[in-house]
2 protein chains.
Amino acid sequence: MKLSTKTRYGTRALLDLAINQEKGPVQLKDIAQRQSISLTYLEHLVTPLINAGIVRSARGRKGGIWLAKSPQEIRLDEVILLLEGSNAPVECVDRPDICPRSGSCVTRDIWTEMKKALDDVLAATTLQDLMDRQNAGTQAVARS
Amino acid sequence: MKLSTKTRYGTRALLDLAINQEKGPVQLKDIAQRQSISLTYLEHLVTPLINAGIVRSARGRKGGIWLAKSPQEIRLDEVILLLEGSNAPVECVDRPDICPRSGSCVTRDIWTEMKKALDDVLAATTLQDLMDRQNAGTQAVARS
DNA sequence: ATTATTGTAGACTAGATTAGTCAACAATAA
DNA sequence: TTATTGTTGACTAATCTAGTCTACAATAAT
Ligand code: FES
Ligand code: FES
């Protein structure tokens, strides 16, 4: 039950974008550098976010990417769904038909609860929340 | 974020054991047959449970395995920990030292919440609960 | 004692998945 | 026109998963 690096890096990249997009499009190159992710790999992380419409992009000089919505409108459950797929720990939680006995399978109930628990945690947090925490943290460090 | 078959089969095997242990040791062969798991694979699933002391075993004729504790004393978080490992979706949740910036990493807070949410769900359910649900289900079917 | 039966341990393997890289291409601003 | 930036997809090495296979250890029945 580990998250892929795609999800972890992708989430970090999105947070980086949220923090740095004030002055217009942010270039992948810069995100890659700040977050220590290879540029070619980062491209793959961003693609699903663009396709889903939560990030927008422009090519060419002065190109880059930016958030299509405000940070408080982007919940982590959407992000993780795009990067990692469903939080269902077993396939049959989402598609009962693939397990013949899913109607009477008691372990499936538990797997379903696990999915819901994860969804709840992730749906309760937005990109804005992460930005706020980040700022609070750096201020605390600066203050000390 | 998928559970391995080891965890899924292992949990089913344990539930099968809990249900069938009334008349003494249950043989792996029988669990394998009832649960449609190959005997040789099942052996690997059971080993960590035996080593951890929640299942006991005896070899030879009339041998088999049985629960070392009563079903209501066996929580699913223990079981999943043994079969799948920690619910931490990222290694650094359990071992902050492996990520240099773990002290100020805001995504890590989220991964930590995910782990806690999973632990809470699993700790709230015992093998006895699964047995009860199973019985309720089959009765409901029989009644209908 | 011997033997059939049961669990134990670990080496081994095929296939799937992950975590990337690489190269060719498309769009746009200067 | 060209330098720059994102897009796409093929490709690969390494790792992990889901098992199998073999030899062995312990015990009950005979
Ligand atoms: S594992 Fe799919 S229904 Fe039980
Ligand atoms: S991912 Fe480990 S601390 Fe941020």
Side-chain angles (χ1 to χ4, degrees), chain A residues 1-14 16-17 20-21 23-33 35-68 83-86 89-91, chain B residues 1-14 16-17 20-21 23-33 35-68 83-86 89-91:
Chain A
M1 285 282 280
K2 291 287 179 268
L3 287 169
S4 62
T5 62
K6 194 174 161 189
T7 297
R8 291 188 283 123
Y9 294 0
T11 306
R12 269 168 53 202
L14 208 50
D16 183 285
L17 172 60
N20 292 288
Q21 69 171 355
K23 296 158 194 157
V26 179
Q27 291 168 13
L28 291 179
K29 180 180 53 178
D30 294 334
I31 297 177
Q33 194 162 27
Q35 298 297 324
S36 305
I37 305 171
S38 92
L39 176 59
T40 56
Y41 194 36
L42 178 60
E43 289 160 352
H44 288 309
L45 311 182
V46 168
T47 300
L49 302 175
I50 293 173
N51 290 338
I54 73 177
V55 168
R56 281 224 251 273
S57 64
R59 307 189 206 198
R61 279 205 183 160
K62 299 277 180 182
I65 62 175
W66 61 93
L67 296 178
L83 293 170
E84 185 78 17
S86 166
V90 178
E91 200 60 37
Chain B
M1 287 282 279
K2 293 286 179 266
L3 287 169
S4 62
T5 63
K6 193 174 162 189
T7 297
R8 291 188 283 120
Y9 294 0
T11 307
R12 270 168 52 203
L14 207 50
D16 183 285
L17 172 60
N20 293 288
Q21 70 171 357
K23 297 157 195 156
V26 180
Q27 291 165 14
L28 291 179
K29 180 180 54 178
D30 294 333
I31 297 178
Q33 193 163 27
Q35 299 297 325
S36 305
I37 305 171
S38 93
L39 176 59
T40 55
Y41 194 35
L42 178 60
E43 289 161 352
H44 289 312
L45 311 181
V46 169
T47 299
L49 303 175
I50 293 173
N51 289 338
I54 74 176
V55 168
R56 281 224 250 273
S57 66
R59 306 190 208 197
R61 278 203 185 162
K62 299 276 180 183
I65 61 174
W66 61 95
L67 296 178
L83 293 169
E84 185 78 18
S86 165
V90 178
E91 201 59 38

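The figures here come from the full heavy-atom set of this structure, side chains too, leaving out hydrogens, waters and symmetry mates. Convention: sequence-line order gives letters A, B, ...; per-chain numbering from 1.
Across B/L3 and B/R8, no two heavy atoms sit closer than the pair O-NE, 3.9 Å. Contact detail for A/Q35 and A/D16: the closest heavy-atom pair is NE2-OD2, 2.8 Å.
Counting to the nearest Å, the P atom of D/dT5 and the CZ atom of A/R56 are 21 Å from each other. Remark: P of D/dG6 and CD1 of A/I37 are 14 Å apart, rounded to the nearest angstrom. At whole-Å resolution of the value, CG in A/L45 and P in D/dT8 are 14 Å apart. Distance, B/L28 CG to C/dT6 P: 10 Å, rounded to whole Å. Distance, B/Y41 OH to C/dG10 C1': 15 Å, rounded to whole Å. Distance B/E91 CD to C/dT18 P: 17 Å, rounded to the nearest Å. Between B/I50 atom CD1 and C/dT8 atom C1' the separation is 8 Å, expressed in whole Å. Rounded to an integer number of Å, the gap from CD of B/Q27 to P of C/dT5 is 11 Å.
B/L17 CG to B/L49 CG: the interatomic distance, rounded to the nearest 0.5 Å, is 9.0 Å. One finds the CG atom of A/D30 at 8.5 Å from the CG atom of A/N20 (value rounded to the nearest 0.5 Å). Distance check, rounded to the nearest 0.5 Å: NZ of A/K2 to CD of A/E84 gives 12.0 Å.
Put simply, the side chain of A/H44 and the base of C/dT21 share a donor and an acceptor less than 3.5 Å apart.
Taking side-chain N and O atoms only, A/S57 has a distance below 4.0 Å to OP1 or OP2 of D/dT7. In this model, the phosphate group of D/dT5 is approached by a side-chain N or O of A/K29 to a distance below 4.0 Å at OP1 or OP2. Listed pair B/T5 / D/dA18 meets the phosphate criterion, a side-chain N or O lying under 4.0 Å from OP1 or OP2. Remark: B/T40 is in phosphate contact with D/dT20, judged by side-chain N or O atoms under 4.0 Å from OP1 or OP2. Between B/S38 and D/dG19 there is no side-chain N or O to OP1 or OP2 distance below 4.0 Å.
Across the interface with DNA chain D, nearest-nucleotide mapping of A/N51 and B/Y9 shows A/N51 to be the residue nearer the 5′ end. Positionally, the nearest nucleotide of DNA chain C for A/L39 lies more toward the 5' end than for the other of A/L39 and A/G63. Comparing B/E84 and B/G60 against DNA chain D, the residue whose closest nucleotide sits nearer the 5' end is B/E84.
Across every strand in view, C/dA30 sits in a pair with D/dT1 that passes the Watson-Crick or G-U test at under 3.5 angstrom.
Taking the side chain of B/E43 as heavy atoms from C-beta on, and the options C/dA4, D/dG6, C/dA9, the nearest nucleotide is C/dA9. Side chain of A/R59, nearest nucleotide from D/dA26, D/dT5, D/dT4: D/dT5.
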